[in-house]
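Working notes, structure below.
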2 protein chains.
Amino acid sequence: MNTISKNGPTPVTMDTRERILEAAERIFAECGFEATSLRQITREAGVNLAAVNYHFGSKEGLLKELLRMRIVPMNETRQALLERYQFQSQSDDRPASLEQIFDAFLRPYFEAGAPGGDRNGLFMHMLGRVFSEKPGFMESFYEEHFKDIQEIFIAAIREAQPELAEEEVLWRFHFALSLMLSSMTQRQRLKISSHGHCDPDDIEGLILRLIEFICAGFRSPILPKTNFEIVGIKS
Amino acid sequence: MNTISKNGPTPVTMDTRERILEAAERIFAECGFEATSLRQITREAGVNLAAVNYHFGSKEGLLKELLRMRIVPMNETRQALLERYQFQSQSDDRPASLEQIFDAFLRPYFEAGAPGGDRNGLFMHMLGRVFSEKPGFMESFYEEHFKDIQEIFIAAIREAQPELAEEEVLWRFHFALSLMLSSMTQRQRLKISSHGHCDPDDIEGLILRLIEFICAGFRSPILPKTNFEIVGIKS
DNA sequence: GTGGGAATTATACAACTGTTTGAATCTGCG
DNA sequence: CGCAGATTCAAACAGTTGTATAATTCCCAC
């Protein structure tokens with residue numbers, strides 16, 4: 001049992017388990033899952049190598065625990081926020097707006113790793129990386145942690161956009177989700193490509209812009225076969 | 001020199017170099033860069049292990065060559081397509097539409113790996129993975145292969161949307177690019193989450209829906225501080 | 001204090017990694 | 001043919017990987 005003193009008011013004892021989780025989240029986010037070694041994690045956590053397998057069974061067990069730890073409360077916040085918006089709108093006898101729905105969906109995600117503010121962006125960066133890195137891994141996690149919450153939000157979208165065909169709802173939700181996941185892992189690209197015009201660390205600005213972008217996409221008219229003039233694309 | 005017979009009309013001799021590239025593209029796309037071993041590649045390619053280092057210098061050299069090989073012609077196609085759209089619109093004395101711009105930008109990307117049709121989605125899947133997997137890697141490639149083409153397309157967007165502030169153009173282009181990259185790597189997720197309602201293999205449908213979604217996002221009104229009613233988010 | 005389960009430790013394991021080497025083989029030109 | 005350069009090959013390199021195992025230390029109820 002290691003005792004470290006944080007600069008907070010109360011000194012906190014941080015046991016091996018927590019120190020591993022802390023270091024793992026940081027390094028997974030930075031280097032990805034495959035490229036991160038257990039020795040790297042245990043070294044930075046200041047614990048013994050075997051501690052990972054003792055506490056989490058395996059490297060993958062560590063990852064799963066890390067995800068579970070963050071995703072469960074995040075989804076609870078999402079649902080609570082959505083229900084509040086729905087309750088607010090209910091007095092006017094209308095469904096929650098698309099903006100409210102996606103605020104409830106996006107905001108807890110971007111703030112999941114940052115309750116105190118200092119771990120900002122760490123978790124979702126990791127999540128985005130893991131999803132793009134471990135193909136078979138996502139399926140099991142979808143079933144366990146995303147299926148229900150997705151159903152809830154898609155139902156809310158249907159209410160807000162009743163004229164939109166089911167297939168289009170699913171396509172566009174897929175776009176929204178992809179955009180949400182990648183806009184974190186790709187944040188540093190914005191810094192490079194905008195030549196300093198945009199501030200990727202402005203999380204609130206990112207959230208609002210994402211909501212705006214996604215809602216506009218959802219309100220786009222139903223797709224005709226070709227809704228703009230392209231003549232002779234092929235060769 | 002290995003000679004294999006393809007089921008096409010003309011038997012094709014495929015030398016070691018090409019066989020490595022073919023296998024590497026396939027396995028990188030499936031497993032990612034870090035998780036793929038050279039032995040896996042050379043085994044499936046039917047060549048000797050040392051051949052990779054002989055022909056490409058290193059594993060990373062193989063990846064770079066693979067990317068260069070696909071990206072250069074892809075960007076040429078993008079530019080040619082954009083110029084054609086601009087020429088078409090020019091007769092009406094107006095700039096190319098957002099739809100045309102993003103068709104020129106997206107279509108060559110989604111069709112890059114599939115000139116004959118059978119390698120569909122392989123390359124961009126790999127590209128998306130590599131970008132999310134190798135952080136420092138992207139910067140150098142941005143400078144070499146994306147900076148110029150991005151400038152060209154952003155200039156076209158400015159003409160199509162002159163009233164949009166520069167910062168917002170960059171944010172939204174970032175969103176569009178992120179969405180393009182991730183909508184390939186995340187394709188199988190759509191298959192799962194839509195429960196068969198959507199067909200992720202319908203590339204043409206994907207392109208058109210993406211264009212529609214992105215253009216709507218770009219036409220969204222300029223971001224006010226909060227353009228929808230959220231009261232008491234905190235706590 | 002003492003026993004006993006929990007936790008930590010150092011060490012070792014087998015497997016796998018990218019890369020290198022030097023010899024063997026092939027290819028094409030004189 | 002004969003030789004030179006390009007290519008392929010089996011083998012080994014040193015290093016790292018995740019995991020397993022015993023021995024040790026710690027801590028708390030009794």
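So you know, we letter chains A, B, ... as the sequences are listed, proteins then strands, and number each from 1.
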Legend entry - Side chain Lys64(A), main chain Lys59(A), donor-acceptor under 3.5 Å: no
Inset, instruction - Check for a donor-acceptor pair, side chain of His197(A) on one end and backbone N or O of Ser194(A) on the other, with a separation under 3.5 Å. - result: yes
Inset, instruction - Could I get the full list of side-chain hydrogen bond (donor to acceptor under 3.5 Å, both in side chains) partners for His174(A), not counting sequence neighbours? - result: Arg189(B)
Legend entry - Partners passing side-chain hydrogen bond (donor to acceptor under 3.5 Å, both in side chains) against Arg78(A) (at least two apart in sequence or in another chain): Asn75(A)
For [N] and [X] - does any side-chain N or O of the residue sit under 4.0 Å from the phosphate oxygens OP1/OP2?
| X | N | value |
| --- | --- | --- |
| Thr16(A) | dT8(C) | yes |
| Asn48(B) | dT7(D) | no |
| Ser37(B) | dC16(C) | no |

Legend entry - Residues forming a salt bridge (charged side-chain N to carboxylate O under 4.0 Å, His left out) with Glu166(B), sequence neighbours excluded: Arg158(B)
Inset, instruction - Could you list the residues that satisfy salt bridge (charged side-chain N to carboxylate O under 4.0 Å, His left out) with Glu83(B), not counting sequence neighbours? - result: none
Inset, instruction - Pick base, sugar-phosphate or nothing for Thr42(A), based on heavy-atom distances below 4.0 Å to the nucleic acid. - result: nothing
Whole-Å distance separating the [atom1] atom of [X] from the [atom2] atom of [N]:
| X | N | atom1 | atom2 | result |
| --- | --- | --- | --- | --- |
| Arg17(A) | dA6(C) | CZ | P | 15 Å |
| Leu63(A) | dT19(D) | CG | C1' | 17 Å |
| Lys59(A) | dC16(C) | NZ | P | 15 Å |
| Glu18(A) | dA7(C) | CD | P | 13 Å |
| Gln40(B) | dG18(C) | CD | C1' | 14 Å |
| Leu38(B) | dA11(D) | CG | P | 19 Å |
| Ile27(A) | dG18(D) | CD1 | C1' | 16 Å |

Under 3.5 Å between N/O atoms: give me all the protein pairs with nucleotides 22-25 of chain C, atom names plus distance.
none

Legend entry - For Asp202(B), all residues meeting side-chain contact (heavy atoms from CB on, under 4.5 Å), sequence neighbours excluded: Asp199(B), Glu204(B), Arg209(B)
Legend entry - Minimum heavy-atom distance Pro108(B)-Ala104(B), with the two atoms named: CD-O, 3.1 Å
Contacts under 3.5 Å, N or O only, protein and nucleotides 12-14 of chain C:
none

Acceptor/donor pairs from residues 141-156 of chain A side chains to any protein atom, 3.5 angstrom cut, sequence neighbours excluded:
from      : atom 1 : to        : atom 2 : distance (Å)
Glu143(A) : OE2    : Lys147(A) : NZ     : 3.2

Pairs of donor and acceptor atoms involving the side chains of residues 37-45 of chain A, under 3.5 Å and at least two apart or interchain, shall be tabulated with distances.
from     : atom 1 : to       : atom 2 : distance (Å)
Ser37(A) : OG     : Gln40(A) : N      : 3.1
Thr42(A) : OG1    : Leu38(A) : O      : 3.0
Thr42(A) : OG1    : Arg39(A) : O      : 3.2
Glu44(A) : OE1    : Arg26(A) : NH1    : 2.7

Inset, instruction - Report yes if the side chains of Tyr109(A) and Leu181(A) come closer than 4.5 Å at any heavy-atom pair, otherwise no. - result: yes
Inset, instruction - Go through residues 51-58 of chain B and report each residue with a non-hydrogen atom lying under 4.0 Å from DNA chain D, sorted by number. - result: Tyr54(B), His55(B)
